[in-house]
There are 4 protein chains.
Amino acid sequence: MEEFDYSQLGLSDKEERIFKASIEIFSKKGFDGATTYEIARHAGVAEGTIFKYFKTKKGLMKTMTIKMIGMFSGKMILSSVEKILANPEDKNLRQLLKELLFDRIKLVDSLFPAAKILLVETILHEDVREAVYTHIVKEGIALFAKFQKTMIAKKVIREDLSPETIFRSIFGNIAMIIAQRKLFPETIRFTNLETEVETIIDIICRGIEPE
Amino acid sequence: MEEFDYSQLGLSDKEERIFKASIEIFSKKGFDGATTYEIARHAGVAEGTIFKYFKTKKGLMKTMTIKMIGMFSGKMILSSVEKILANPEDKNLRQLLKELLFDRIKLVDSLFPAAKILLVETILHEDVREAVYTHIVKEGIALFAKFQKTMIAKKVIREDLSPETIFRSIFGNIAMIIAQRKLFPETIRFTNLETEVETIIDIICRGIEPE
Amino acid sequence: MEEFDYSQLGLSDKEERIFKASIEIFSKKGFDGATTYEIARHAGVAEGTIFKYFKTKKGLMKTMTIKMIGMFSGKMILSSVEKILANPEDKNLRQLLKELLFDRIKLVDSLFPAAKILLVETILHEDVREAVYTHIVKEGIALFAKFQKTMIAKKVIREDLSPETIFRSIFGNIAMIIAQRKLFPETIRFTNLETEVETIIDIICRGIEPE
Amino acid sequence: MEEFDYSQLGLSDKEERIFKASIEIFSKKGFDGATTYEIARHAGVAEGTIFKYFKTKKGLMKTMTIKMIGMFSGKMILSSVEKILANPEDKNLRQLLKELLFDRIKLVDSLFPAAKILLVETILHEDVREAVYTHIVKEGIALFAKFQKTMIAKKVIREDLSPETIFRSIFGNIAMIIAQRKLFPETIRFTNLETEVETIIDIICRGIEPE
DNA sequence: TATGAATGAGAATTCATTCAT
DNA sequence: GATGAATGAATTCTCATTCAT
């Protein structure tokens, strides 16, 4: 699994170490369950340093949330756009989806701790929920709307489905794959990711392709 | 939305009030973010009373987790079995799924605070994860395996899909519907649940029905 | 020196102990120099108890400031009014002033730690300054205005002085006596309070009596 | 109001900037309430620079206290001596006092922040108290003793008052004037300083002049 | 049984001080 | 000399837990 390159976030050395440590600790214990002492020790900095950079524990969480949303929306949405736009005419829907999902799954795989934090925060806090909606959900749907339009024009996707519905279905399916892989890894000892993705795409495509 | 009948949990009056208050507070703030003071005030009991009944805050959480898992597995899994077993021969796959999903969504809707807690805890804590796996996921898949067998026999479901895959797809889709309804309610102002469920079932069934 | 009776403040046992300890510690080290740990230890309570009663350290200070202003305005102003109003016709100005000042000095003597805190806070904080002005200074001047009126009618006080001026002069003189006694006690080994007060009254009265 | 000329303190540029900033911040928040960060920012130097010059925060305070005491004793006591000694024979007591007090009030006015710090420290700390006593109070009383002697010789001051008593009375009165002007400025909108001083001198002189 | 005042261990936060640059 | 990032000891504050009533 490729590591996410945190240096692109434009943080100073210590800041980056705190950031990484925070992701690790917060993802394991949640915001309130984590202590700044533990984060500091993990980051190899003094506890006071955290507060120099992030003012308060909540401030640390806020900064992290923003950066994480940026990471996901940038990596997931924008790079998807590029991939789709760069689509050489001959690739079919399944091939395209496969590449897309496979990358996305790999990405979330590598960012799973961050994803956990974001999910928990989305569930618990209104403000994070709003930010996630605006920068990830809305953007994702908008992207799918465009994608869908192109695909409808090529007559490879049914016309009677809203982009929200398709997005939700695809998102729900890959979320489940990731959840299973990450939360219940012992249940997937005998299947491999590629086959799983192909099967899911088969199901989805049968569902969304015209008859 | 019908209220869940907590009296069937076999708790004393105060215990039940603490239980309900805990669900409300924990679902809003998470386990570590909630204080026993707030729960006590909400339940209308003294803080000490919580400890009389549940020994520790963690003990309260553990009891709650167990009861909540029981609630979900009982209501979701067992009652599904009954519904499916009681299936009069003439109902087709889509009709059956629709009834099943519709009920399940309504149930989770009414138990959403509990579902939130369980989800967050599943994400954060190994032990809850295990319990959820054993009593909900595994049971759910087992149920689907049986269901699938019957359906394959009737030739209304493809033979080449594992029950895990189908379960995951159905579960992922309804999870997304519930998440959207509950977390981003402002996005569903113009769609109604029944239509949404029908659309999703259409997609899933096309995906899982034989060609 | 008679002790101030703190029980009249209507505080619970622990609250009163915290209050007394706070006066002692704050008067010795100032607000920021005092620690809640030290106050708690001095009061014989747990540190947490302070926060149960006063929410924050600042809250403790605020409550104390209010109570102390109440103590001073009540004891100094109101009881002065009574004394003056109860003045049997035959007492002359000097006799009256002597009794008044003597009591006031004794009072401030016994409340000196509180007076120190109030003085420092008055110097450092706008809000305390305002409260002290409204409840002590203004009240004091109003009282003197009445007193002066009576005395002018009896022709024992010059007519050409504002009550502010007289108040300031008297207050300034007794403040200096108290300051000397309390801050530089080694300088008064050979004088006694009664003589000092009589001398000061002599000076003041010559100054404010008509020629 | 004339500014005090800090350059005469013989400090280097940065040192002087730290000194001025310290007076401002300490006078607003007290010693413990002020932070070296704020002082540094205010002085336009790095936090470390403060410690280069003054070793510790307490060292800064000590140096400041000494310089401030020097400022006051020099400016208030020594220059008073000169004024009195330079007294051309024809000036009467009231004229002399008026000039003296007027200057002193103006001086304290311009040095009020320093005076606040010194007052608070005198109240709170034994060592400052001692230094203030030795260099300001004792000196002031000694000065008054001489002054009184001359005046008694001229038969313009009563013989039966100790210099301490007179000093205290004069000091108390001007302290109150300054306190009122600085702490409760809204109460003096309609009086002017010169008249106030003259009135106070009238009261004091009646009090201390022989009958 | 139920209470809630009191506790104190533990967490967040502050800030004087150091030191490599 | 001067800087300011980094430190960590000290301080404020929180909250699960206890226990006398």
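Note that the structure is a prediction, hence the values are computed from the model and not measured. Below, chain A is the first sequence line, B the second, and so on; all start at residue 1. Heavy-atom basis, side chains included; hydrogens, waters and symmetry copies ignored.
At least one side-chain nitrogen or oxygen of Y53(D) sits closer than 4.0 Å to the OP1 or OP2 atom of dA2(F). Between K57(D) and dA16(E) there is a side-chain polar atom (N or O) within less than 4.0 angstrom of OP1 or OP2. OP1 or OP2 of dT12(F) sits under 4.0 Å from a side-chain N or O of T36(C). For K14(B) and dT3(E), the shortest distance from a side-chain N or O to OP1 or OP2 is below 4.0 Å. Note on T35(A): every side-chain N or O is 4.0 Å or more away from OP1 and OP2 of dA11(E).
Under the Watson-Crick or G-U wobble criterion, with both distances below 3.5 Å, dT14(E) is paired with dA9(F). With a cut-off of 3.5 Å on both pairing distances, the Watson-Crick or G-U wobble partner of dT21(F) is dA2(E).
Of all heavy-atom pairs spanning M64(B) and S22(B), the tightest one is SD-CB, 3.0 Å. Residue I69(D) comes nearest to A131(D) through the heavy atom pair CD1-CB, 3.5 Å, listed as atom of the first residue, atom of the second, then distance.
Checked against dC13(F), dT3(F), dA16(F), the side chain of E47(C) finds its nearest nucleotide in dC13(F). For K52(B), counting side-chain heavy atoms from C-beta on, the closest listed nucleotide (dA6(E), dT17(E), dT3(E)) is dT3(E). The nucleotide whose nearest atom lies closest to any side-chain atom of A46(B) is, among dT3(E), dA12(E), dT11(F), dT3(E). When distances run from any side-chain atom of T49(A) to the nucleotides dA6(F), dA16(F), dT3(F), the shortest one goes to dA6(F).
By the 6.0 Å contact criterion, NZ on K67(C) is enclosed, its count of non-hydrogen atoms from other residues, nucleotides or ligands being greater than 12.
The distance between atom CD of E38(D) and atom C1' of dT17(E), rounded to the nearest whole Å, is 18 Å. Counting to the nearest Å, the P atom of dC15(F) and the CZ atom of F26(B) are 13 Å from each other. To the nearest angstrom, P of dT7(F) lies 15 Å from CZ of R41(A). Going from atom CG of L60(B) over to atom C1' of dT17(F) covers 14 Å, rounded to whole Å. The interatomic distance linking F54(B) (CZ) with dA16(F) (P) rounds to 15 Å, in whole Å. Atom C1' of nucleotide dT3(F) and atom CD1 of I18(D) are separated by 12 Å, given to the nearest angstrom. For K29(B) and dC15(F), the NZ to P distance is 9 Å, given to the nearest whole Å. One interatomic measurement links the two molecules: CZ of F31(D) to P of dA16(E), which rounds to 8 Å at whole-angstrom precision.
Of the residues near DNA chain F, Y37(B) and D13(A), the one whose nearest nucleotide (by heavy atom distance) lies more toward the 5' end is D13(A). Judged by closest nucleotide on DNA chain E, R17(C) is the one of R17(C) and D32(A) placed further toward the 5' end.
V132(D) is not listed as a side-chain neighbour of L183(C), based on a closest heavy-atom distance of 4.5 Å or more. You'll find the side chain of K20(C) stays beyond 4.5 Å of the side chain of R17(C), heavy atoms only.
If you check every strand for non-hydrogen atoms under 4.0 Å, T56(C) touches sugar and phosphate atoms only. Among the atoms of the strands shown, only primed sugar atoms or phosphate atoms (P, OP1, OP2) are found under 4.0 Å from some heavy atom of A34(B).
Between E24(C) and K28(C) there is a salt bridge, since a side-chain N of the basic residue sits under 4.0 Å from a carboxylate O of the acidic one.
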